[in-house]
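So you know, we letter chains A, B, ... as the sequences are listed, proteins then strands, and number each from 1. Heavy atoms only: backbone and side chains are in, while hydrogens, waters and symmetry mates are out. Everything numeric in this text was worked out from a predicted model, so none of it was measured.
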Amino acid sequence: MDGVVRAVFFYFFLMVVFRLAGQRTLSNTTTFDFVLLLVIAEVTQQGLIGEDFSMTQAVLMIVTLVALDIGLSLLKQTFPKLDKLIEGVPLIVVEDGKPLKERMQRARIDESDVLVAARELQGIERLDQIRYAVLERTGQISIIPKPSR
Amino acid sequence: LSSSHQKSTHLRAPSSELQIDEDLNFQRREWQIQRAGWVAMALVILAALLGVFGTGPLSSATIEGEGLRLEHELFGRLERNTELRFTIGGTGDPVLLRIGNGYLEWVKIESITPEPGKAEAVSDGVVFHFALQSPATITFHVRPERFGLVSGKARLGQAAPITFTQFIYP
């Protein structure tokens, strides 16, 4: 029983923490984000399994976490509000080549982040070639280029 | 069109010029199996909450014996501490509590509360000597070192032994 309870606790605890941290925080943008992710995983593991190193405990933990994920995804399909609450909403950050400063500042991204995504995804060179840049719910920035003329 | 596409013409995707290895029959079967799997996972979690894998209402057991009562878990885990809680009602100074060898071969005793004054190995087990005023509780914290079905015997002094059974998960 305690294994299931621990798994449920950590699932929702981490969900809240990452939700508060914002989409960009751990969307593997930098090396340090990656390191932070590893450290969090390591620390969580201690609290998650406690003193119990049996295979049964590991199996129960995995089943519980995966089942929570499936259950929540089903709930999110049924209740769009829950989906918003858990996953957040996308945000337009560049429109017609013009950065929307306040939005970007609030979302803690800057022009260089947008340009990185533009180069990686579309091979775009300059901001004014971007029609839309959107900070997606996943934390990735997606780029829609202006139609080439 | 490839032959695999022609097999499932009634399910043909709208963009048939796409070079894609779609197989909707397989896909449907996969979804069915996945759903069955979800139900199975839910049942496992329910069972775990009830204590089928240890610590829960279905896992606790009480055995009444002559002069003593034993509360223990029915389901334990390998290398995870579990408790044997004896409530001693009988008298005797010291109180002699004997645990059979069969059980002691399966578990390592991590600690006993209160500490016995003396432990004595006898032919079929270990006799622990406690100085206590009954009724009192003696708790053995034990760590299973093998998995499977284990049964143990305990007796107070010369009284009839009680037998308890545990299943240890790997």
Original post:
To the nearest 0.5 Å, what is the distance between CD1 (B:Ile45) and CG (A:Leu68)?
Top reply: 6.5 Å
Original post:
Are any non-hydrogen side-chain atoms of A:Ile70 and B:Met41 less than 4.5 angstrom apart?
Top reply: yes
**OP:** Flag the pair A:Leu74 / B:Trp38 as yes when at least one side-chain heavy-atom distance between them is below 4.5 Å, and no otherwise.
**Re:** yes
Subject >> Identified side chain to side chain contact (heavy atoms under 4.5 Å, CB included) partner of B:Phe53 from the options A:Asp2, A:Val4, A:Leu60 >> reply: A:Leu60
Original post:
Do A:Phe10 and A:Phe53 belong to the same hydrophobic cluster, where Ile, Leu, Val, Met, Phe, Trp and Tyr are linked whenever their side-chain heavy atoms lie under 4.5 Å apart, directly or via other members?
Top reply: yes
Original post:
Are A:Ile144 and A:Ile124 grouped together when hydrophobic residues (ILVMFWY) are joined by side-chain heavy atoms under 4.5 angstrom apart?
Top reply: no
Original post:
For A:Ile62, is it the side chain, the backbone, both or neither that has a heavy atom under 4.5 Å from a heavy atom of chain B?
Top reply: neither
Subject >> Point-to-point distance, once rounded to the nearest 0.5 Å, from CG of A:Asp52 to CZ of B:Arg77 >> reply: 5.0 Å
Original post:
Under a 4.5 Å side-chain heavy-atom rule over Ile, Leu, Val, Met, Phe, Trp and Tyr, are A:Val16 and A:Leu36 clustered together?
Top reply: no
Original post:
Within a radius of less than 6.0 Å around CZ of B:Phe167, do more than 12 heavy atoms belonging to other residues, nucleotides or ligands occur?
Top reply: yes
Original post:
If Ile, Leu, Val, Met, Phe, Trp and Tyr residues are connected whenever their side-chain heavy atoms lie under 4.5 Å apart, and connections chain through other members, are A:Val66 and B:Leu49 in the same group?
Top reply: yes
**OP:** Would you indicate whether A:Arg19, at its atom CZ, is surrounded by more than 12 heavy atoms from other residues, nucleotides or ligands within a distance under 6.0 Å?
**Re:** yes
Original post:
Got a second to check how far A:Glu51's CD is from B:Arg143's CZ, nearest 0.5 Å?
Top reply: 6.5 Å
**OP:** Give the cluster check for B:Phe86 versus B:Val126: same hydrophobic cluster or not, with ILVMFWY residues linked at side-chain heavy-atom distances below 4.5 Å.
**Re:** yes
Original post:
Taking all atoms of both residues into account, what is the closest heavy-atom pair of B:Pro170 and A:Ser54, and its distance?
Top reply: O-CB, 3.5 Å
**OP:** Could you verify whether a donor N or O on one side chain and an acceptor N or O on the other, from B:Arg80 and A:Gln57, lie under 3.5 Å apart?
**Re:** no
